[in-house]
Asks: 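I am attaching a structure below and will ask some questions about it afterwards.
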Amino acid sequence: MSGRRVGFCLSDKKRRRMNLDAFAVFCEGHGVEVVEIDLTQPLVHQGPFDIIVHKLSDVIVDAEHDSQSQQVLANFQSYVSAHPSTVLLDPLPAMTQLLDRFASYQIMSELHKTLRDWGICSPPYLVIHSAGDLPSIQQALMTQGLSFPLICKTRVAHGSLSHEMSLIFSAGGLADIRPPCVLQSFVNHGAVLHKVFVVGDRHFCVERPSLKNFPSGPCDRKTIFFNSHQVSKPESNSDLTALDEQMPCLPPPSSEAVAALVRELRVQLGMALFGVDVIVSIHTHTLTVIDINIFPGYEGVPQFFSSLLSHIKSVLDRQASAGPPAADSPESTQTAGGPSAAPTGL
């Protein structure tokens, strides 16, 4: 790995949470140079890069309505397209689909087919594009097999607003939804969330607090609005996570089932850095997938630095053994916005 240059393209918040300065020192000890990419400056003057690790979520979301962000994203894509030997971790199209819960929930809903033997599923959900009339939404809920209580999440799965959620307990509570959003059946899981952090072919399971159990079926309880980030912090001490009754401990997720889930999602997503939120149903003990996250914080994963550097090394070693793409090969004429925008770090 000596002499390798790894570019990092992160927001200030993500940079601090990852502790990029410490990771750069760690990499330096292994002969790897970490370069922080400044998107306001031409990338060609900051390269070359053997690999670029990024979380361009802010830029991608802002590019939908902001011309400056559109230009920043276009410049980044142009650089990637002009340097096909630079590995992109992870590909932009794959990351973009996870920014849209409408798309990521469709992926989750298919898991019960491919992972049937492992008993893995995801709760039924309903996409709400616009408020419309409540009777139509109620009918759609019945058709799709959803049941109260429901958890309501924003369509955009990024930024502070994406953590703002609500629990809806009756048809009357549907007046509180703010489309575009996703409604998902709430599954009682004993107030325990299992966050699965994926780094290439390695994954780590960390237990976090989660929402307590609620009675099944509609009731006259008012809608509960909450911030999922606050509820599921390691040190969280919320009334929403306190079980009302004595409940026996649920069995932890099967390590084999989690490994099968990670393998399947790596194929489906085409990504190497992501997180999966899973719960265990108190009634069926079924492993239930409730969310997928882009390049999460990896809090509670002590081996993150070594795992990330190991994955970067394995990706670059595979690329080196494969050799550069031929001049007339598809890889040499990739467009940065397409499904195979650049060599990817799977």
Side-chain angles (χ1 to χ4, degrees), residues 1-64 66-96 98-99 158-159 199-200 270-274 293-298 304-305 307-316 319-320 324 331 334-338 340-346:
M1 285 287 286
S2 181
R4 299 288 198 177
R5 299 184 86 241
V6 181
F8 271 82
C9 196
L10 306 173
S11 67
D12 288 341
K13 179 180 178 181
K14 181 65 179 177
R15 180 191 180 283
R16 290 192 301 271
R17 290 184 68 184
M18 179 185 162
N19 199 351
L20 186 59
D21 288 341
F23 182 70
V25 172
F26 177 79
C27 289
E28 185 180 5
H30 292 78
V32 177
E33 180 185 2
V34 167
V35 180
E36 291 191 64
I37 294 174
D38 182 353
L39 288 177
T40 67
Q41 301 298 321
L43 268 71
V44 68
H45 300 319
Q46 302 176 62
F49 306 107
D50 295 290
I51 189 168
I52 295 177
V53 181
H54 71 95
K55 187 173 183 179
L56 292 177
S57 310
D58 290 337
V59 178
I60 294 171
V61 171
D62 292 345
E64 293 187 5
D66 178 68
S67 59
Q68 184 175 356
S69 297
Q70 291 170 8
Q71 188 59 56
V72 167
L73 187 58
N75 292 342
F76 183 85
Q77 291 175 313
S78 295
Y79 179 86
V80 170
S81 181
H83 298 80
S85 63
T86 299
V87 179
L88 198 59
L89 192 69
D90 277 313
L92 287 176
M95 177 174 284
T96 301
L98 288 189
L99 291 174
H158 175 71
V199 188
M271 296 175 66
L273 299 175
F274 62 93
N293 310 300
I294 302 167
F295 201 161
Y298 293 96
F304 176 57
F305 282 4
S307 298
L308 180 56
L309 183 58
S310 176
H311 180 65
I312 289 171
K313 180 180 185 302
S314 67
V315 169
L316 295 180
Q319 184 193 48
E331 290 84 357
Q334 294 158 345
T335 57
S340 55
T344 61
L346 289 180

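Side chains included, hydrogens not; waters and symmetry mates left out as well; all remaining heavy atoms used.
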Asks: For the CG atom of L56 and the SG atom of C9, what is their distance to the nearest 0.5 Å?
Replies: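 Output value for this atom pair is 4.5 Å.
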Asks: Any non-hydrogen side-chain atom of V53 less than 4.5 Å from a side-chain atom of H311?
Replies: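 Of all side-chain heavy-atom pairs linking H311 with V53, none is under 4.5 Å.
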Asks: Would V6 and V35 count as a side chain to side chain contact (heavy atoms under 4.5 Å, CB included) if you check the C-alpha gap in whole Å, the side-chain angles of each, and the deciding distance to 0.1 Å?
Replies: CA-CA 6 Å; V6 181; V35 180; over 6 Å; no
Asks: Which pair of heavy atoms, one from S69 and one from D62, lies closest together, and at what distance?
Replies: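 Heavy-atom minimum between the residues: OG-CB, 3.3 Å.
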Asks: Contact between M271 and L98 at the side-chain level, heavy atoms closer than 4.5 Å - yes or no?
Replies: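 Yes, side chains in contact.
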Asks: With S67, which residues qualify under side-chain hydrogen bond (donor to acceptor under 3.5 Å, both in side chains), at least two apart?
Replies: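 With neighbours one apart ignored, the set is empty.
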Asks: Can M95 and S57 be said to form a side chain to side chain contact (heavy atoms under 4.5 Å, CB included), step by step?
Replies: CA-CA 8 Å; M95 177 174 284; S57 310; 4.3 Å; yes
Asks: Which residues satisfy the side-chain hydrogen bond (donor to acceptor under 3.5 Å, both in side chains) test with N19, sequence neighbours excluded?
Replies: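 For N19, no residue satisfies side-chain hydrogen bond (donor to acceptor under 3.5 Å, both in side chains) once neighbours in sequence are set aside.
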Asks: Tell me, do V80 and L43 make a side-chain contact under 4.5 Å, heavy atoms counted?
Replies: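 The answer is no, as the side chains (C-beta and beyond) never meet within the 4.5 Å cut-off.
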Asks: Which atom names give the shortest non-hydrogen contact between G270 and D90, and what distance separates them?
Replies: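 Residues G270 and D90, closest heavy atoms: O-OD1, 4.4 Å.
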Asks: Residues in salt bridge (Lys or Arg N to Asp or Glu O under 4.0 Å) with R5, at least two apart?
Replies: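 Counting only residues at least two positions away or on another chain, R5 forms a salt bridge (Lys or Arg N to Asp or Glu O under 4.0 Å) with E33.
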Asks: Going by the angle between their ring planes, with limits at 30° and 60°, are H54 and F76 parallel, tilted or perpendicular?
Replies: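 Tilted, since the angle between the ring planes falls between 30° and 60°.
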Asks: On a heavy-atom basis, which atom in L10 and which in K55 lie closest, and how many Å separate them?
Replies: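 Taking L10 first and K55 second, the nearest heavy atoms are CD2-N, 3.8 Å.
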Asks: Considering all heavy atoms of both residues, which atom of F295 and which atom of K14 are nearest to each other, and what is their separation?
Replies: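 For F295 and K14, the tightest heavy-atom pair comes out as O-NZ, 2.8 Å.
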Asks: Is a donor on one side and an acceptor on the other found under 3.5 Å between the side chain of S81 and the backbone of Q77?
Replies: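 It does not hold such a pair.
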Asks: Check whether Q46 reaches the backbone of D38 with its side chain - one donor and one acceptor, N or O, closer than 3.5 Å.
Replies: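 A pair under 3.5 Å: yes.
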Asks: Can you tell me if Q68 has over 12 outside heavy atoms packed within less than 6.0 Å of its CD?
Replies: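 Incorrect, the count does not exceed 12.
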Asks: Take L308 and M18 through the test side chain to side chain contact (heavy atoms under 4.5 Å, CB included) and record every step on the way to the result.
Replies: CA-CA 11 Å; L308 180 56; M18 179 185 162; 3.7 Å; yes
Asks: Test of understanding: with side-chain hydrogen bond (donor to acceptor under 3.5 Å, both in side chains), list the residues that count as partners of H158, not counting sequence neighbours.
Replies: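 Expected list: D58.
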Asks: Can you name the residues that form a side-chain hydrogen bond (donor to acceptor under 3.5 Å, both in side chains) with Q71, not counting sequence neighbours?
Replies: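 Residues passing side-chain hydrogen bond (donor to acceptor under 3.5 Å, both in side chains) with Q71: N75.
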Asks: Would you name the heavy atoms of F274 and Y298 that are closest together and state the gap between them?
Replies: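 That would be N-OH, 3.6 Å.
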Asks: Assess the residue pair V315 and Q319 against the criterion (side chain to side chain contact (heavy atoms under 4.5 Å, CB included)); give the C-alpha distance rounded to whole Å, side-chain angles, the decisive distance to 0.1 Å, and a yes or no.
Replies: CA-CA 6 Å; V315 169; Q319 184 193 48; 5.6 Å; no
Asks: Got a donor-acceptor contact below 3.5 angstrom from the E36 side chain to the F8 backbone?
Replies: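 Such a contact is absent between E36 side chain and F8 backbone.
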Asks: If you measure from CG on L89 to CG on L273, what distance do you get to the nearest 0.5 Å?
Replies: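 Reported to 0.5 Å precision, the distance equals 4.5 Å.
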Asks: Could you measure the distance from the OG1 atom of T86 to the CD1 atom of I51? Nearest 0.5 Å is fine.
Replies: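 So the OG1 of T86 and the CD1 of I51 are separated by 9.5 Å.
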Asks: Could you list the residues that satisfy salt bridge (Lys or Arg N to Asp or Glu O under 4.0 Å) with D21, not counting sequence neighbours?
Replies: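 Applying salt bridge (Lys or Arg N to Asp or Glu O under 4.0 Å) to D21 gives R15.
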Asks: Taking all heavy atoms of Y79 and all of P48, pick out the closest pair and write down the distance.
Replies: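 The answer is OH-CA, 4.0 Å.
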